[in-house]
Structure formats: C-alpha cells, structure tokens
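Okay, so here's the structure we're looking at.
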2 protein chains.
Amino acid sequence: MNNHGGRPTVFDVARSAQVSIATVSRVLNGRTVTDQTLVARVRRAANELGYRPNMVARDFRHGGTRTVGVVIPDLANPFFPEVVKGIAHDVTADDRRLLIADSGESPDEELRLVGELSGRCDGIVLCSPRMPAENLESVARWGIPLVCTNREVAGLPLCTIGIDSAIGMVQAVEHLAGLGHRHIGYLAGPPSSWSDGERRAGLDEAARTHGVRASIEVAGATSDDGHRVLPELLRRNVTAVLAFNDLVALGALARLRELGLSVPADVSVVGFDDIPVAAFLGPPLTTVAVAKAELGRRASEMLRRLTAGDADQQQERLPSTLVVRGSTGPAVPDA
Amino acid sequence: MNNHGGRPTVFDVARSAQVSIATVSRVLNGRTVTDQTLVARVRRAANELGYRPNMVARDFRHGGTRTVGVVIPDLANPFFPEVVKGIAHDVTADDRRLLIADSGESPDEELRLVGELSGRCDGIVLCSPRMPAENLESVARWGIPLVCTNREVAGLPLCTIGIDSAIGMVQAVEHLAGLGHRHIGYLAGPPSSWSDGERRAGLDEAARTHGVRASIEVAGATSDDGHRVLPELLRRNVTAVLAFNDLVALGALARLRELGLSVPADVSVVGFDDIPVAAFLGPPLTTVAVAKAELGRRASEMLRRLTAGDADQQQERLPSTLVVRGSTGPAVPDA
DNA sequence: CTGAAAGCGCTTACAG
DNA sequence: CTGAAAGCGCTTACAG
C-alpha cells in the first residue's frame, strides 16, 4: 500500500467506469477511443471521484518532466525577473513549466540548487552564476542540458548567452567624455560576476580611447552597496559615476541627494540594465540597456536545441546600448 | 526499455559493485549498512558511473515531492519576490523546495497554474489571487493543501494570511490630515484585488473620521498605471495622493515631476508595501509598510501545519504601519 | 478497438 | 545484516 492521501487512481476510475485502466488512460489523454459510451463513462467516473492524475507518476513513466529549472542569484534584483519572464514565455509556449530557485548570491547554495534541480528538470538555465569555474565545470559534466547566462569560462565548452557589456560601456564613456567629463568613477559589482569583469575591461579600453581617467571602487550588486561606497569615489574627485547596475546607481543617487549634491548638475550618474523603475526615477536614469527578456528567451531556445540534441555548445552575445535620460549632464568645470 | 538518456540506475551501480540494488539504495540514503567494504564498493561504483539518483522516481516511490508551489501575479512587482523570500526561507529550512510560477496578473492563467502545480507539489501558496471566488472555491475542493495570501473570501473555509491594510490606511490619512490635507486622492489597484477593496474601505472610514474628502480613480498595479491616471486625480484638486502600491506611487511621482510639480511642496504622495527601492527614491517615499517576508514565512508555516493535518482552516492578519519619509509634507493653502 | 501485462527507477517491508 | 521481491500510478507496446 502506498497511495498516500487515498487519492483516487486510474484503477479506481477504471473500476467505477467498468473499463480497463488502459482505456481510462486513453480517454484522459485524448487518445483514440472509438466507443463513445466508454468515453462518457470514464469521464463521468473521473469527475465523480474527483480524479486528478498523479503527475509525478506520469513524469516518471515518461522519463522526463517537461520542466526547466532556473537558478538566479537574487530574485529581488529586478533584472532577474525580467530575464525569467523571457524564459517563461518560451518555456510555457511549449507546454513546459518553470522551476525557479534563488541562490541568494551564495556560490555554495547555487551549486546545491543546481544539483537539486538537475534531478527534477529536463534542463537548467543558470543565470549569472557566481560559482567558481571548477564547480561550473563539474556541473557541466553531469550531463544535464545546461545554459548559462552572463558567464563565459575560457576553455569550458558551455552553452552561454551573455551581454556584450563593452558596447554599452564604450557608449557611456563616449557620452560622458562628450559632456566634458575627464574623470569617471566605476562602482564595481560582485568580484565573482563575469559581467563585472567585462564592464571593467570595457571601461579600461574606452577610457584609454577617450583619454579620460577611470577610478574603480568595489561596491556590489545592491542599492545599499552603491549608497555605502559612493563617497569613496567622490573623494577621488570624479565628476561622473558609472554603476555596475541600476540598483547600485539608485543607491548612489540617494547618497548624492543626502550629501546635497544634485544630479546631473554636480555629478552625472549612469546605471546598467535598464530595470523597469529606471525610467521613473527623479531624474530618470541614464543607463545601459540590455534586452533582458530576449536574453531569457534566447537562453531557453538554446536549451531546447540542446535537449533536442541538435546543437553543439555555443556562445552567443546580445548587444547593450546606452539610453540617455536625465541623470547625465555637462561636467562642472572644477569638481 | 525506458531509461531515456541512458543514465545509470541503481541497477547499474549494483552490478558494478557486486551487491543488490537494495544495498545500493541503503548506502546512498545513509541507511544501516554494516559491512564497510560494501559501502566503499557502492560509493566507488556510483562515483565511477557518475550515478545521479532519478529524483522523479524517488518522489514517485515516496508518494510526495517535498515541493511547495507558489503562484504570484507578477514577479516584476518587487513586493512578491520579498514574499517569496520569506516562503523560501521557511521551506528550504525544512529541506523542501520551491516551485514558482507567475500568472502575469491573468486570472485564467492563475487557475491553470494552480492545476498544474497541484499535481507536482505537496502544497501551494497562492499569493494575492485574482481569480473569482468560485474558482477559488473549486480549487479548495481539490484537496491539495492550500494557503492564500492577501485574499479572504467570506464563507469560504480557506487558510489565509493577509495584511490589515486598514491600520496603515488610517495612519496615512491621519498623517495627511495632520499636515492640513483636506482632499486626498486614491490611485486604486486592480479591481480583482482583495487588498484594494480593503484599502478602499480603510480609506472611506478614515476619511469620514477625519472629515477629509477622498476621491478615487482606478489605476492598476504598475508604474505605468500610476503615471497614466495621476492627472485625473489632479483635475479633482487633491493635495495628496495615496497609491495602491509603491509601483503606482512611483509612476505618479514621475508624472508629477513631468508636470513641473514638486513633491512634497505641491503634492504629497504615499505608497503602499515599502518595496526595497522606496527608501532610495528622491524624495524617499512615505509608504505603508507591510512585513513581506514575514507574510511569506507565515504562509509557509500555515501550509506546514495544514500538510501535517493538525490545523483547521484559519485566517491570520499582519498589521501594516506607516513609514514617514520625504514624500509627504504640509498641504499648500489652496491647491 | 479494447484489455492484460510489462515496466519506468526507486525504496522498503519481508525472508533468509 | 543483506538480498529477492513487491509495488508506487501511470502509459504503451503487445495480444486478442
């Protein structure tokens, strides 16, 4: 005896409808059953008993779950829900479902979650993974279809879809240099973030190209981080601040306000990601936009191809583009 | 033949380790196996083969999934990730996992998702459901442990944990009345939202108590809604605006700025929820705070009790409290 | 076209 | 203490 909870099974329906369990299964799955009286009897019995198929048994039988797992560092960062929406759109269009897990920016938890999900999903989208390369490598060896967003590891044959941060970074620096800024500060993200590395590299190069100075202070991924670290940058006399993401930029904006500095009159601020609130801030945030939902959609597509077996690992990149709003303006003559 | 993907099973491990599948299972689940050479052999074989247990089969055998499903209206509203974090905290502490689904504010999709999840989870937390009462009633009859947040249906024996919006609403009106505001506008939420009904009722009563006028315009749940509808309220000459939630308030703030009105000098604005960005806005948003993570935690606790069978349906309420920040100030003499 | 039976991968009483 | 066997609920070849 198992049947925990005493839920009715195909067997109960079959007995009640006076047919075989095979017929029950066929009727309930829309398979070919000619005799309409049988169909009617089965439906009636199922309804009367309040039969609901045991999906776990069904998945087990099918040998697949039609479920995609998604691991993200922080659900509270509005960037990720947008990516998830993109994934969800593609996944549900295909009559599959999504299992979302939040690692809380912890690399260990991230690894644990992937392990957990891998047994219950047919594929996994690992968003902006923070885990070290060697862990990523062993996960890749588990053999479960896996796509990473915002992370590439040199020499690791992994399906990835990332943002080309450099493009947007170059545009941002160009924009600021054009406004007369000669010293730009960067509020860097979490050290384990691949995107942050990309952005630093993009900044270095763009700064060199335009002959501007770039100062870096490590902040993190949250508004608190931006709020906390901004003064360090000010101490270095920057006239413009680039932030790892919009949340960090938001924290920086708040701190500037508290310090009595006005944006963009005294200091210019540029974010990254273009999260939904960015356009509604005062001033509206100039930021480097990335196609978040598109990123998710593409990741899901890659996963589909991977699961279908007709794709080798590949690395894609989506461009990023500067969106100029109100938080950037001419540099003050001497700051 | 099934074994899609040719993954190794207990059977393969058993053969390789020269033991029975029962022993494999026992070793891998930390059950009593005395002979340490057997243990070693099994572990080695499992490692060599790269054996990973089929979790679906395990769940199937156990007759339970140790998974909690969560359905939310919109992952992009920062309110919900906070609630989810509260649920996740309680759920993962108990070695269970979370399956999150987003209904996109669609009542139909919501019903579909609950149906989908109910077959794959041991319990469901239905956050701020928008579906009509009759659907909620039939879902309740499915027999799966179910807890609703932010929704009570008169006469329906449902486990619910809600926010007592009235408390915060009264405090907000009191606060505004104390600042001299005599005409308050309310940017209402989605018509299907129970919380919105509660807030309207709280507003009505508080307005009567303090002898202030209250005007209502239906907005929605997003910043765009607030941005779009705000002018209607202004046309009615309100001096203060209450918003259904912080996102709506954010949209209203942006629109006010565009109209050249300053907050709180010209108009006061109060939000609801106290989402993480609220404190970082310019001006920082005065808002009615609710314990979002606590709401999630309590929902998960109720679900646990429900699953354990030692609880009848019950309705809990969490208080809400006004947090005064910079977006509210004295009423202008004539607005 | 429908029914009887096998089997998905695992765990756990039940024997030995 | 370990192994052989049953069985979780379902679907799908295989017979009839």
Side-chain angles (χ1 to χ4, degrees), chain A residues 1-43 45-46 49-66 118-122 143-144, chain B residues 1-43 45-46 49-66 118-122 143-144:
Chain A
M1 214 302 279
N2 220 314
N3 192 356
H4 309 246
R7 281 201 349 191
T9 70
V10 273
F11 185 78
D12 299 309
V13 177
R15 190 175 38 192
S16 167
Q18 311 261 53
V19 297
S20 70
I21 58 169
T23 298
V24 173
S25 175
R26 288 194 190 103
V27 169
L28 266 26
N29 290 292
R31 292 272 187 280
T32 138
V33 175
T34 327
D35 190 335
Q36 287 308 310
T37 57
L38 289 194
V39 174
R41 252 154 58 200
V42 169
R43 290 206 195 290
L49 294 170
Y51 170 74
R52 321 205 70 235
N54 180 330
M55 298 312 255
V56 177
R58 186 178 279 182
D59 285 348
F60 172 52
R61 173 63 235 254
H62 276 129
T65 59
R66 298 193 71 74
S118 68
R120 296 186 166 79
C121 302
D122 296 344
I144 183 170
Chain B
M1 216 297 281
N2 221 313
N3 193 357
H4 308 247
R7 280 200 351 190
T9 70
V10 273
F11 186 79
D12 300 309
V13 177
R15 189 175 37 194
S16 166
Q18 312 260 52
V19 297
S20 70
I21 58 169
T23 297
V24 173
S25 175
R26 289 194 189 102
V27 169
L28 266 27
N29 290 291
R31 293 272 188 280
T32 138
V33 174
T34 328
D35 190 336
Q36 287 307 310
T37 58
L38 289 195
V39 174
R41 258 162 43 207
V42 169
R43 288 205 197 290
L49 294 170
Y51 171 74
R52 318 205 71 234
N54 180 329
M55 297 313 254
V56 177
R58 187 179 279 181
D59 285 348
F60 171 53
R61 173 63 236 250
H62 276 129
T65 59
R66 297 192 72 73
S118 68
R120 295 186 165 78
C121 302
D122 296 344
I144 183 171

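Heavy-atom basis, side chains included; hydrogens, waters and symmetry copies ignored. All values reported here derive from a predicted model rather than from experimental measurement.
The separation between B:I21 atom CD1 and D:dG7 atom P is 15 Å, rounded to whole Å. Separating the CZ atom of A:R66 from the C1' atom of D:dT11 is a distance of 15 Å, rounded to the nearest angstrom. The nearest whole Å value for the distance from the CG atom in A:D12 to the C1' atom in D:dC8 is 14 Å. Look at CG on A:N29: it is 7 Å from P on D:dT12, rounded to the nearest Å. C:dA5 atom P lies 13 Å from atom CZ of A:F11, rounded to whole Å. B:L28 places its CG atom 8 Å from the P atom of C:dT11, with the value rounded to the nearest Å. What separates CZ of A:R41 from P of C:dT2 is a distance of 11 Å, to the nearest Å. Spacing between atom CZ of B:R15 and atom C1' of D:dG3 amounts to 17 Å, rounded to whole angstrom units.
In this structure, the aromatic ring of B:F60 is not positioned over the six-membered ring of the base of C:dC10 within 5.5 Å between centres and 30° between planes.
Here B:D59 lies out of heavy-atom contact (under 4.0 Å) with every strand.
Using modelled atom types, one side-chain atom of A:R7 and one backbone atom of A:R52 make a donor-acceptor pair closer than 3.5 Å. Judged purely by atom type and a 3.5 angstrom limit, B:T65 uses its side chain to pair as donor or acceptor with the backbone of B:R120.
Relative to the side chain of A:L38, the nucleotides C:dT2, C:dA5, D:dA6 differ in distance, and C:dT2 lies closest. For A:R58, taking side-chain heavy atoms from C-beta onward, the closest of the listed nucleotides C:dT11, D:dC10, D:dG3 is D:dC10. Residue A:R61 places its side chain closer to D:dG9 than to any other of C:dA5, D:dG9, C:dC10.
The two residues B:V42 and B:V13 make their nearest non-hydrogen contact at O-CG1, 4.0 Å. Across every non-hydrogen atom of B:G50 and B:P8, the tightest pair is O-CG, 4.1 Å. When all heavy atoms of A:A14 and A:S20 are compared, the closest pair comes out as CB-C, 3.8 Å. When all heavy atoms of A:Y51 and A:T9 are compared, the pair lying nearest together is CE1-C, 3.6 Å. The two residues B:D122 and B:R66 make their nearest non-hydrogen contact at OD2-N, 2.7 Å.
For A:T23, a side-chain nitrogen or oxygen approaches OP1 or OP2 of C:dG3 to under 4.0 Å. OP1 or OP2 of D:dT11 sits under 4.0 Å from a side-chain N or O of A:S25.
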**OP:** Please step through side chain to side chain contact (heavy atoms under 4.5 Å, CB included) for the pair A:V24 and A:F11, ending with a clear verdict.
**Re:** CA-CA 8 Å; A:V24 173; A:F11 185 78; over 6 Å; no
**OP:** In sequence, state the C-alpha distance, the side-chain angles, and the governing distance for A:V27 and A:L38, and then conclude on side chain to side chain contact (heavy atoms under 4.5 Å, CB included).
**Re:** CA-CA 9 Å; A:V27 169; A:L38 289 194; 5.7 Å; no
Subject >> Base-pairing string, 5' to 3', of DNA chain C - Watson-Crick or wobble, under 3.5 Å, | interstrand >> reply: |||.||||||||.|||
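A distance of 9.0 Å separates CG of A:L49 from CZ of A:R15, quoted to the nearest 0.5 Å. The structure places CG of B:N54 at 10.0 Å from CG of A:D59, a figure rounded to the nearest 0.5 Å. Within the model, atoms CZ of A:R58 and CG of A:N29 stand 4.5 Å from one another, a figure rounded to the nearest 0.5 Å.
Of all the residues in residues 49-57 of chain A, A:Y51, A:P53, A:N54, A:A57 reach under 4.0 Å from DNA chain D with at least one non-hydrogen atom.
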Polar atom pairs (N or O), protein with nucleotides 13-16 of chain D, under 3.5 Å:
| from | atom 1 | to | atom 2 | distance (Å) |
| --- | --- | --- | --- | --- |
| D:dA13 | N6 | A:R26 | NH2 | 2.9 |

